[in-house]
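This report refers to the structure that appears directly beneath it.
Heavy-atom basis, side chains included; hydrogens, waters and symmetry copies ignored. Nothing here was measured: the structure is a model prediction, and the numbers come from that model. Ligands are counted one by one from 1 in listed order, and the atoms in each one are counted from 1 as well.
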Amino acid sequence: MKHTILIGLGSNIGDRIEFLVSAIRGITDLETTVVDDVSNVYETEPVGNVPQNSFLNLCISVKTDMDHVTFHRKMKELEKFIGRTESVQWGPREIDIDILFFDSIVVASDTLTIPHREIVNRKFVLLPLSEIAMHYVHPVVGITIGELLKGVTDTHTIEHSDIFTSQLLTLINDSITNPIV
Ligand code: PH2
Ligand code: MG
Ligand code: MG
């Protein structure tokens, strides 16, 4: 498979693990696409000015033959299919599937920005991402995920969750090519 994509997943409404599992299964079901690495699951304090429940966040690594425009469209369709309803910017959501990096391309169009703009400011992205892509070099900033994590000033609480991680892995282990457990 030609391309490597790093993806951030988040949910803070309803059965959060079930929504995250549906996203991973949905990605695995796409043609020419595999999920080959999964981080731990973190329970994270919401970032933004909207009062809302805590999130579950994790990152995954995916390989695909699709180009970035097609893959992005598939992720939007998958969010809808899983049951994402409209929300305000930075508001609560059943499922959020964010393309963080696509190989090392840099794209800034009206509908799609790669790398994702907020990566460098968000510990809830950098910490799980560092587990699966510590040495990946951010193509715009020019330093690794590990270095970005060391320098991040985000003070929002983020807690590794053994329970949610093992629940998720149990439910998806048949869908990924490089299971952690
Ligand atoms: N996503 C947002 C806004 N705020 N906060 C946390 N902790 N985790 C998220 O995934 C998140 C957020 C909008 O995408
Ligand atoms: Mg997001
Ligand atoms: Mg999003």
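I97 and I105 fall within the same hydrophobic cluster, where Ile, Leu, Val, Met, Phe, Trp and Tyr residues are linked whenever their side-chain heavy atoms come under 4.5 Å apart, directly or through other members. Grouping the Ile, Leu, Val, Met, Phe, Trp and Tyr side chains by contacts below 4.5 angstrom, directly or via other members, places I24 apart from I13.
Contact analysis puts P46 in contact with ligand 1, with a non-hydrogen atom separation below 4.0 angstrom.
The atoms of ligand 1 that sit less than 4.0 Å from any heavy atom of E45 are 6 (C), 7 (N). Close contacts between ligand 1 and N57 involve ligand atoms 6 (C), 7 (N), 8 (N), 9 (C), 10 (O) [criterion: under 4.0 Å to a heavy atom].
In summary, E43 and R16 engage in a salt bridge, as defined by a charged side-chain N under 4.0 Å from a carboxylate O. No salt bridge links K80 with E77; every basic N to acidic carboxylate O contact stays at or beyond 4.0 Å. A salt bridge links K63 with D36: the distance from a Lys NZ or Arg NE/NH1/NH2 to an Asp or Glu carboxylate oxygen falls below 4.0 Å.
D96 OD2, 3.0 Å is the protein heavy atom nearest to atom 14 (O) of ligand 1. Counting only heavy atoms of the protein, atom 4 (N) of ligand 1 lies nearest to V47 O, 2.8 Å. Nearest protein neighbour of atom 2 (C) of ligand 1, counting heavy atoms only, is F55 CZ, 4.2 Å.
Note: no N/O pair closer than 3.5 Å links R122 and ligand 1 by distance alone. Between F124 and ligand 1, no N or O atom pair is found at a separation short of 3.5 Å. Checking only distances, D98 never comes within under 3.5 Å of ligand 1, N or O to N or O. Checked by distance only, ligand 1 and R93 come closer than 3.5 Å through their nitrogen or oxygen atoms.
Taking the six-membered ring for Trp and the full ring otherwise, the centers of F124 and H156 sit at least 6.0 Å from each other. Y136 and F101 have their aromatic ring centers within a separation under 6.0 angstrom.
Neither the backbone nor the side chain of H156 has any atom closer than 4.0 Å to an atom of ligand 1 (non-hydrogen atoms only).
Of all N, O or S atoms in D96, the one lying closest to the Mg ion (ligand 3) is OD1. Per residue D98, closest N, O or S atom to the Mg ion (ligand 3): atom name OD1.
Looking at N57, I60, I145 one by one, the single match for side-chain contact (heavy atoms from CB on, under 4.5 Å) with L129 turns out to be I145. For the side-chain contact (heavy atoms from CB on, under 4.5 Å) with H138, the qualifying choice from I143, L100, V120 is V120, the only one to do so.
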